[in-house]
**Student:** 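Questions regarding the structure given below will be posed in turn.
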Amino acid sequence: MRFGDPIQVRFAGAGGQGVMLAGVLTAEAGMHDGLHVVSTQSYGPEARLGAAKSEVVLSRDEIVLPDVRVPDIVVCLSVDAYRKHGRPLAGGGVRIVDDRAIPPGEEPDPDTVVLPLIATARGLGPGGELTANVVALGAFVALTGVVTEASVRRALRHRIKPALLDQNERALAAGQALAVPERV
Amino acid sequence: MRFGDPIQVRFAGAGGQGVMLAGVLTAEAGMHDGLHVVSTQSYGPEARLGAAKSEVVLSRDEIVLPDVRVPDIVVCLSVDAYRKHGRPLAGGGVRIVDDRAIPPGEEPDPDTVVLPLIATARGLGPGGELTANVVALGAFVALTGVVTEASVRRALRHRIKPALLDQNERALAAGQALAVPERV
Amino acid sequence: MKLIQGNEACALGAMQAGCRFFAGYPITPATEIMEWMARLLPPERGVFIQMEDEIAALAAVIGASWGGAKAMTATSGPGFSLMQENLGYAAMTETPCVIVDSQRGGPSTGLPTLPAQGDVMQARWGSHGDRAAIVLTASTVRDVYEVTVAAFNLSETYRLPVVLLLDAMLSHMRENVELPSLPVVSRRPPAGPGFQPFAGTEFQAFGDGAPFVVTGLAHAASGRPRASDGPNLDRMLRRSIARVETADDVIRYRGIGLEDAEHLIIAYGITARSAAGAVQLLRREGVRAGLLELQTLWPFPERLVRVLAEQVEDVVVAELNLGQLVLPVRAAVGGAAPVRHLGRADGMLFSPEEIAAAVRTTEDREVARA
Amino acid sequence: MKLIQGNEACALGAMQAGCRFFAGYPITPATEIMEWMARLLPPERGVFIQMEDEIAALAAVIGASWGGAKAMTATSGPGFSLMQENLGYAAMTETPCVIVDSQRGGPSTGLPTLPAQGDVMQARWGSHGDRAAIVLTASTVRDVYEVTVAAFNLSETYRLPVVLLLDAMLSHMRENVELPSLPVVSRRPPAGPGFQPFAGTEFQAFGDGAPFVVTGLAHAASGRPRASDGPNLDRMLRRSIARVETADDVIRYRGIGLEDAEHLIIAYGITARSAAGAVQLLRREGVRAGLLELQTLWPFPERLVRVLAEQVEDVVVAELNLGQLVLPVRAAVGGAAPVRHLGRADGMLFSPEEIAAAVRTTEDREVARA
Amino acid sequence: MIPGFARYAQGAAVLHVNRAWCKGCNLCIAACPSGILSLDADQRIAVSDIDRCIFCGLCAVRCPDFVFVLERPILHPFEALT
Amino acid sequence: MIPGFARYAQGAAVLHVNRAWCKGCNLCIAACPSGILSLDADQRIAVSDIDRCIFCGLCAVRCPDFVFVLERPILHPFEALT
Amino acid sequence: MPRVGEDLRQYLRIEAMPHVWCPGCGHGQVARALATALDRLALPLDQLVLVGGIGCSGRTPFYFNANAMHTTHGRALAFATGLKLTRPELTLITTMGDGDTAAIGGNHFIHACRRNIDLTAIVYNNGIYGMTGGQQAPTTPRGARTVTTPLGSLEPAFDIVQLALAAGATFVARSTTFDFDELPSLIVDAVRHPGFAVVEVLTQCPTYYGRLNALGDAVAMLDYERDLTLPQEAITKEGLAGKRPLGVFRREVAPEYTAQYAELCARQAERS
Amino acid sequence: MPRVGEDLRQYLRIEAMPHVWCPGCGHGQVARALATALDRLALPLDQLVLVGGIGCSGRTPFYFNANAMHTTHGRALAFATGLKLTRPELTLITTMGDGDTAAIGGNHFIHACRRNIDLTAIVYNNGIYGMTGGQQAPTTPRGARTVTTPLGSLEPAFDIVQLALAAGATFVARSTTFDFDELPSLIVDAVRHPGFAVVEVLTQCPTYYGRLNALGDAVAMLDYERDLTLPQEAITKEGLAGKRPLGVFRREVAPEYTAQYAELCARQAERS
């Protein structure tokens with residue numbers, strides 16, 4: 001693993017973009033991978049407006065601090081979220097940002113991977129935009145290897161209603177595919 | 001003064017018999033006599049039912065304890081009050097009890113002066129029974145000399161509505177007269 | 001010279017201090033304060049209102065304070081428990097006001113007509129979160145008057161809710177007193193333009209200048225909410241706490257025989273009377289006892305207690321509860337002298353003899369050891 | 001192994017402990033406990049109800065407990081402040097029940113979504129009068145589950161309301177845990193005829209035997225009021241307090257490196273995690289630090305703290321407030337070692353480094369002195 | 001005989017009076033159609049002439065202190081109301 | 001020109017739009033009788049063809065976010081209602 | 001041989017008597033009416049819980065030979081709610097004063113009315129606070145004197161019946177201590193009603209309300225109560241003529257909460 | 001040149017915007033109606049105090065360029081009472097949600113209605129708790145889903161208007177966020193009314209109430225509001241047909257408390 005231990009991950013986006021679920025899926029996948037995990041998330045109005053976040057700490061040992069201060073990996077799905085939660089990033093970390101979430105005219109930092117996450121989700125058919133979080137999760141898995149694909153799939157089966165499972169599994173795959181050329 | 005310092009006085013009777021006022025008048029008289037005084041009284045249901053009490057501590061010095069544990073003087077206007085608050089009494093103390101307040105068949109303790117306080121009050125004309133407390137106060141003044149008559153009269157003028165002042169002054173005198181033969 | 005009840009003295013002290021708003025709710029043994037305020041306020045064009053409960057009473061008091069009135073409420077334990085949320089709001093919004101708690105036997109409905117000192121810790125710690133607190137008490141009817149004035153003055157000076165602890169005995173007893181006119185601290189208006197309502201201790205009422213915001217959320221100096229800015233809140237709380245803890249007019253106390261005391265009695269409120277009696281008894285016997293009567297319980301006078309403890313052989317804390325102020329006493333003394341607690345929750349006062357006996361016991365122990 | 005939230009662990013712990021009644025009112029960050037109970041109770045024929053406010057929630061819990069149900073409510077600071085009167089009632093009536101307070105930044109509305117440990121003194125002293133109190137806390141999601149079960153068990157054993165303090169972080173964070181089945185203490189029915197409901201810790205619900213009386217007034221063993229019998233109340237309170245203070249199953253704690261510690265860190269709840277991290281850091285540097293993690297805050301483990309303090313050079317108390325549990329720590333240590341307080345009210349957690357730095361500072365001082 | 005109660009008989013009919021609970025409020029006196037009730041010097045209820053009692057029970061239904069118990073062979077119209 | 005607002009003019013009439021406050025709720029879109037409002041990729045309001053705007057002001061009165069300000073020479077019937 | 005009153009003694013906790021109420025207090029008459037109602041209802045006393053608040057009326061449970069829960073001020077209905085939900089088979093009656101019910105307890109009162117849990121609330125309305133010594137109540141009529149309204153109250157009084165109706169109570173009645181015949185019957189009906197039932201009783205406080213408002217003693221106050229009120233059947237087309245109506249204002253069967261809840265549990269238990 | 005909406009910006013505390021409410025939340029529409037009403041009332045903003053409780057609606061005062069007092073949960077009217085009595089010349093408007101008003105704050109609400117102090121209470125009724133994430137409110141219709149009634153609420157809902165009427169409020173009205181024309185007018189009338197005025201506004205919570213009850217987005221919920229209600233003038237002799245009536249239900253001039261109190265003080269001051 002290219003990151004230290006513990007690994008700190010942050011998902012950020014607008015309320016309704018599913019960043020909470022992305023965090024929980026990551027944590028649960030980490031658990032299936034045999035890691036200790038802690039996940040936290042925004043609450044209250046913050047969670048419902050433009051810059052919500054969820055965070056996961058993963059470690060081989062018992063986790064001391066549950067909150068994330070300088071994440072190793074940040075995933076951003078909205079402009080507001082990018083502005084508020086996109087920084088800081090640990091040295092050697094990765095920032096995965098939707099291509100529409102970079103504020104117009106701004107140049108992303110060099111440690112940033114810009115991907116069409118939401119556009120890819122939309123391309124998955126009706127209701128597809130609701131799976132942007134899982135597309136992002138796929139990219140995250142492919143780019144960082146922090147959790148295994150198998151464990152993410154197991155977490156998906158546990159957390160996603162059967163009727164929506166197929167679409168989410170396709171979103172995961174699409175995210176992974178999207179990220180392959182960018183593998184870091 | 002035959003009593004020590006501080007002197008502790010208790011008035012006891014049924015709610016409505018005016019024992020609260022008797023205590024306040026005694027305390028105020030003591031104040032006019034240049035003494036330090038503290039007065040206390042029953043509160044709540046106890047003050048409204050058969051065995052209410054009010055207590056006064058008088059002293060030439062600052063008063064340490066405001067509550068009365070073993071009074072030097074007890075004045076009782078009802079059977080219930082006599083039963084509940086008539087004892088204990090300090091050595092050398094005096095108990096002044098209405099003649100109807102001794103429970104039937106009971107022999108009063110030797111340190112007790114039994115007087116027809118309520119009957120005397122009734123004899124003062126319509127509404128006279130409401131001044132039994134002041135009759136008792138008159139007897140108390142005459143028997144103990146703890147406060148001066150002049151100061152009691154001053155307290156009466158301060159605390160009693162003008163319309164009722166004359167009747168109360170007569171009650172005071174009647175109580176004093178009642179007690180003269182019993183002077184201790 | 002007048003013969004007045006403790007509760008009347010409290011009402012008169014409030015009027016003297018400039019209180020012009022009272023909201024309350026009936027409860028034994030505090031009710032007479034409300035009854036007196038109902039009579040005393042209207043002729044002064046002050047506002048009296050009986051509210052629907054104690055929560056509303058304190059809410060109305062805070063509202064009135066932001067209207068510019070010096071404001072007070074009075075209650076006893078059960079009502080004081082209900083006021084804890086709004087007491088915290090008053091602290092958070094730095095609202096000057098006075099809350100009287102006439103203590104009765106507890107917990108719960110307890111012994112409604114009997115005295116106690118069981119709300120001493122609650123007065124400091126009853127509301128959630130951290131805050132600055134000033135809690136005063138008194139031992140005579142004369143003191144009730146004076147300390148009520150002090151409560152208002154401190155409340156205005158430090159922009160804080162101030163709690164005054166009485167008890168069923170002190171509230172209801174009458175004593176002969178002289179009630180002098182005392183210096184009164186007025187509410188300080190903003191010094192100039194650009195006023196920030198939560199930057200200092202100046203105060204602007206609603207309607208008296210530019211509009212502003214008051215909130216129980218963590219907030220900026222402007223009053224505007226900063227509900228997830230923790231460091232800002234931490235700073236504001238520490239500032240408010242430091243104001244009262246570094247002040248020189250907050251700690252009120254009275255000493256008897258402290259100069260040469262070998263045995264220190266710490267007492268407060270109604271119990272200080274018994275303790276003073278105990279010092280008399282002991283001194284007569286040749287035992288060098290001294291009394292520290294605290295009128296300010298919170299902020300707890302740590303340094304004072306520590307310094308005194310270092311000069312004596314032992315400390316006795318007497319209070320009408322099962323061990324409350326003894327906790328900060330022990331923390332302050334920090335081993336400088338043995339601390340013995342004399343407590344009761346039986347609705348009765350200590351006699352001087354009972355306190356003297358406790359001191360003698362520690363004294364005997366010294367002798368035995370020697 | 002499951003990934004669950006602290007609030008979910010609390011609800012699952014309650015169900016495991018046999019809780020069959022929950023009444024609550026929405027408040028951040030405790031609400032999810034209520035939401036879980038709304039789902040978990042009906043299939044077990046337990047009762048869930050959302051009441052009109054927090055006062056009513058605790059009232060309903062107490063009513064349910066006298067109906068024979070193990071009962072719980074959950075709230076945060078503002079609601080906990082409102083519950084103080086009925087908390088005292090529960091203590092006075094020796095009613096087993098559990099009250100969860102998930103602490104957030106305060107005072108008042110404060111920092112509603114951020115963690116704090118600012119209700120530690122309130123949990124003990126927030127209601128008027130004296131009472132026995134058991135207050136627990138936890139530092140991991142697994143602990144939340146286990147301590148919730150312990151809260152019910154202690155509540156039943158000692159017939160007391162037990163307070164469980166969580167915080168916004170612990171309530172909302174998810175952790176991977178195993179949830180074992182744990183021993184459960186059942187309510188003990190009367191042993192025989194002539195049962196006196198307030199003579200011991202046996203319990204009879206309404207409707208399960210001869211009629212009896214429950215009151216918040218001071219009362220006899222029969223339950224009948226004795227509203228002016230102070231000595232009786234004093235006796236009953238001391239008995240109830242003695243029960244918990246002399247018990248051997250009430251004080252829960254966990255130690256790290258206490259055997260050879262020269263520097264003692266005392267911490268609890270979420271802060272104990274940071275403190276454990278600090279001990280790791282310090283030990284790596286060769287500094288002999290040890291952690292006392294308290295799960296029971298009240299009754300305060302005086303003797304334990306005193307004994308440990310005598311074995312170390314200094315004590316650091318770390319907590320997310322501006323100085324609360326440090327007060328009983330100082331009182332208990334009584335000068336046996338210098339006590340340093342590390343507090344914050346900014347809605348943030350201590351990092352292990354911050355706590356380690358505080359220990360190092362005391363260590364440096366030692367070195368400088370030597 | 002009810003323990004603690006004074007007993008006033010009129011043939012088989014009996015008016016039992018628990019003076020210990022009486023607080024002297026006058027409500028029974030005002031209600032009594034026969035005018036046989038009054039307060040004595042202790043401000044407690046006294047029955048002056050039981051022979052004039054019509055056993056209507058109004059004293060009992062008006063009394064806030066549970067002082068009266070009536071015992072009689074025939075139900076009086078008021079009785080259904082108590 | 002209102003600072004921070006986008007300006008859509010139709011002769012003397014102007015529709016000012018404060019995109020920064022828009023939360024993308026669709027209420028104005030549903031209310032607009034001319035169908036010239038839509039959300040862009042940022043989920044914020046966009047005006048497609050200001051020439052078809054009838055300046056009725058329904059967007060403004062429906063908007064929960066104070067996004068719209070209308071400026072026009074003649075009062076529209078709806079205006080009294082806002 | 002029938003004994004009027006003797007049957008009632010069995011409902012009393014004799015050792016707690018005499019009660020705490022002042023001479024002539026109407027609360028004793030309400031207690032008698034309650035005892036009479038219990039006699040007619042023939043409930044097992046060990047399955048009955050009287051729940052009192054704080055204040056004079058709140059002490060009622062102490063004098064009955066049933067289970068007694070004396071709670072905190074204003075909260076009796078909230079305690080009763082928890083108890084009843086846990087033990088739907090028990091009969092619960094709350095005894096609260098006007099201050100207890102409508103001042104500090106107003107919120108619990110309206111919510112209890114709304115939820116329609118099978119409880120009976122007897123509201124003793126004497127227009128004043130007795131226990132603490134004669135302060136204003138939310139039922140004190142405008143202009144009436146109390147120790148906290150020495151010049152007469154400025155506030156309109158609540159109409160408890162209207163409040164109960166608006167909040168959704170399914171049985172709502174009013175009576176007085178003058179009406180010794182009606183009152184026990186209304187309490188019987190209220191207890192039998194399968195839902196939340198309110199019985200407001202106008203009762204006299206001669207010690208404070210009577211004295212402060214120069215209404216005379218208890219005897220005079222009973223006459224005052226009579227003159228102040230009008231039984232519903234006596235209401236003519238001229239209307240109330242300023243009087244307060246008495247009788248049953250609503251009696252309506254609606255889904256009862258504990259029954260609904262039991263059903264919900266059963267459905268849930270089946271599912272799982 | 002007139003600017004629709006521009007006039008309203010002066011009432012807003014621009015630096016506090018955008019507000020905290022979710023996309024499509026009706027509370028923003030109520031805030032706009034309030035701003036419109038203020039524009040018509042032409043009140044000096046420094047003599048206006050908006051008093052909010054806790055919850056989504058309680059935040060309203062933060063967004064206005066007037067004095068703002070954000071209080072504790074349920075207690076806004078009690079704070080406002082103290083402030084208004086001290087400063088009768090100020091205009092006070094409370095902004096409270098349904099939970100704030102009728103759950104925890106129910107008691108203060110009915111007492112404010114009773115006392116008739118010159119305050120205006122705007123009650124935002126969206127039938128659910130928003131700030132804490134979708135729990136049952138006392139206005140949640142029976143059967144509706146919330147996160148604490150996952151199988152549908154068992155409790156009847158309060159009718160805020162009926163409660164206000166029974167408690168004695170002298171101005172009582174109801175409107176909805178659909179009625180963008182009526183709502184500001186009602187607020188204007190309420191503020192001008194010399195006494196306690198209640199304006200209940202039915203408002204949509206698409207985030208929780210809408211989602212949990214499958215009512216669609218804010219646009220669909222406005223239609224739902226329209227279909228759920230009936231303006232008073234549209235009520236035919238067939239009655240409400242299960243709909244909630246809108247409009248003014250009481251507008252009655254009665255003695256106002258602060259005026260009465262000032263009179264009492266004047267009388268007293270003369271005497272002494």
Side-chain angles (χ1 to χ4, degrees), chain C residues 20-23 39-71 73 85-90 92-93 95 97 197 204-217 219-220 222-225 227, chain H residues 13 15-16 20 44-52 54 58-59 61-62 64-92 104-105 107-108 110-112 114-115 117 257-258 261-262 264-272:
Chain C
R20 290 300 176 269
F21 184 93
F22 184 98
R39 290 169 185 276
L40 296 170
L41 279 167
E44 304 295 329
R45 294 182 188 272
V47 177
F48 169 85
I49 188 164
Q50 184 178 321
M51 293 297 287
E52 54 271 23
D53 62 18
E54 288 91 346
I55 296 172
L58 184 51
V61 159
I62 296 168
S65 186
W66 284 100
K70 290 189 180 180
T73 186
E85 189 194 9
N86 281 340
L87 179 54
Y89 180 89
M92 181 62 127
T93 54
T95 305
C97 58
Q204 181 189 294
F206 285 134
D208 289 354
F212 62 95
V213 178
V214 175
T215 176
L217 283 165
H219 48 268
S222 68
R224 287 192 45 220
Chain H
R13 198 179 293 272
E15 66 273 27
V20 79
L45 292 180
D46 60 354
Q47 300 298 300
L48 170 68
V49 189
L50 299 177
V51 185
I54 297 294
R59 305 241 170 159
F62 293 147
F64 280 80
N65 202 11
N67 293 290
M69 187 162 199
H70 181 240
T71 64
T72 48
H73 191 28
R75 321 297 175 189
L77 283 166
F79 282 83
T81 296
L83 176 55
K84 179 72 180 182
L85 290 180
T86 304
R87 298 288 288 261
E89 76 279 14
L90 299 179
T91 300
L92 269 67
I104 191 166
N107 204 28
H108 311 302
I110 58 177
H111 282 268
R114 179 174 68 83
R115 287 198 187 96
I117 297 175
Y257 190 95
T258 62
Y261 191 84
L264 176 138
C265 288
R267 264 188 288 145
Q268 282 277 292
E270 270 167 40
R271 274 196 208 183
S272 63

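In what follows, chains carry the letters A, B, and so on, assigned in the order in which the sequence lines appear, proteins first and then strands, with residues in each chain numbered from 1. Reckoned from all heavy atoms, side chains included, excluding hydrogens, waters and symmetry mates.
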**Student:** Given that the side chain runs from C-beta out, which part of C:A23 has a heavy atom under 4.5 Å from chain H: side chain, backbone, both or neither?
**Tutor:**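 Looking at C:A23, nothing touches chain H.
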**Student:** Side chain, backbone, both or neither: which part of H:F64 has an atom under 4.5 Å from a heavy atom of chain C?
**Tutor:**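 No part of H:F64 comes within 4.5 Å of chain C.
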**Student:** So which heavy atom on C:Y89 is nearest to which on H:F79, and how close?
**Tutor:**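 Smallest heavy-atom distance, with atoms named: CE2-CE2, 3.4 Å.
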**Student:** Name the member of H:Q47, H:R75, H:H108 that forms the most heavy-atom pairs with chain C at distances under 4.5 Å.
**Tutor:**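 Greatest number of close heavy-atom pairs with chain C: H:H108.
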**Student:** Between H:L83, H:I54, H:L90, which has the largest tally of heavy atom pairs under 4.5 Å with chain C?
**Tutor:**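 Highest number of pairs under 4.5 Å: H:L83.
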**Student:** Which pairs with one or both residues in residues 49-63 of chain C pass salt bridge (charged side-chain N to carboxylate O under 4.0 Å, His left out), sequence neighbours excluded?
**Tutor:**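 For residues 49-63 of chain C, and leaving out neighbouring residues, the salt bridge (charged side-chain N to carboxylate O under 4.0 Å, His left out) pairs sorted by first residue read C:E52-H:R115.
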**Student:** Can you see which heavy atom on C:G67 is nearest to which on H:R87, and at what distance?
**Tutor:**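 That would be O-NH1, 2.9 Å.
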**Student:** If I measure from the heavy atoms of chain H, does C:R45 come under 4.5 Å with its side chain, its backbone, both, or neither?
**Tutor:**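 Both backbone and side chain.
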**Student:** State which residues pass side-chain contact (heavy atoms from CB on, under 4.5 Å) with H:A80; sequence neighbours excluded, sorted by chain then number.
**Tutor:**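 Partners of H:A80 by the side-chain contact (heavy atoms from CB on, under 4.5 Å) criterion, ordered by chain and then number, come out as H:V51, H:L92, H:T94, H:L119.
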**Student:** Which of the residues H:T86, H:T81, H:N67 is involved in the greatest number of heavy-atom pairs with chain C at under 4.5 angstrom?
**Tutor:**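 The residue among H:T86, H:T81, H:N67 with the greatest pair count is H:N67.
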**Student:** For the residue pair C:R224 and H:A16, what are the closest heavy atoms and their distance?
**Tutor:**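 Closest approach of C:R224 to H:A16, heavy atoms only: NH2-CA, 3.3 Å.
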**Student:** C:F212 versus chain H, heavy atoms under 4.5 Å apart: side chain, backbone, both or neither?
**Tutor:**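 Contact with chain H involves both backbone and side-chain atoms of C:F212.
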**Student:** Please find the pair of heavy atoms, one from H:Y261 and one from C:G46, that lie closest to each other, and give the distance.
**Tutor:**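 Taking every non-hydrogen atom into account, OH-O, 2.8 Å.
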**Student:** With side chains defined as the heavy atoms from C-beta onward, is the minimum distance between C:H219 and H:H70 less than 4.5 Å?
**Tutor:**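 Result no, sub-4.5 Å side-chain heavy-atom pair not found.
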**Student:** In terms of heavy-atom pairs under 4.5 Å with chain C, which of H:M69, H:H73, H:R13 leads?
**Tutor:**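 Heavy-atom pairs under 4.5 Å are most numerous for H:M69.
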**Student:** Counting only heavy atoms closer than 4.5 Å, note whether H:R114 contacts chain C via side chain, backbone, both or neither.
**Tutor:**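 Contact with chain C: none, neither part.
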**Student:** Looking only at non-hydrogen atoms, find the nearest pair between H:A66 and C:P211 and report the distance.
**Tutor:**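 In terms of heavy atoms, the two residues are closest at C-CB, 3.4 Å.
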**Student:** Non-hydrogen atoms of chain H under 4.5 Å away: do they reach the side chain of C:V213, the backbone, both or neither?
**Tutor:**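 Both backbone and side chain.
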**Student:** Within the 4.5 Å heavy-atom criterion, are H:T72 and C:M92 side-chain neighbours or not?
**Tutor:**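 No; the side chains remain at least 4.5 Å from each other.
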**Student:** Side chain, backbone, both or neither: which part of H:E15 has a heavy atom under 4.5 Å from chain C?
**Tutor:**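 Both the backbone and the side chain of H:E15 come within 4.5 Å of chain C.
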**Student:** Measure across C:A59 and H:A78 and return the closest heavy-atom pair with its distance rounded to 0.1 Å.
**Tutor:**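 Closest approach of C:A59 to H:A78: CB-CB, 3.6 Å.
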**Student:** To the nearest 0.5 Å, what is the distance between CZ on C:F48 and CG on H:L85?
**Tutor:**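 If I round to the nearest 0.5 Å, the distance is 11.5 Å.
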**Student:** Could you tell me whether the side chain of H:V49 reaches within less than 4.5 Å of the side chain of C:W66, counting heavy atoms only?
**Tutor:**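 No, side chains not in contact.
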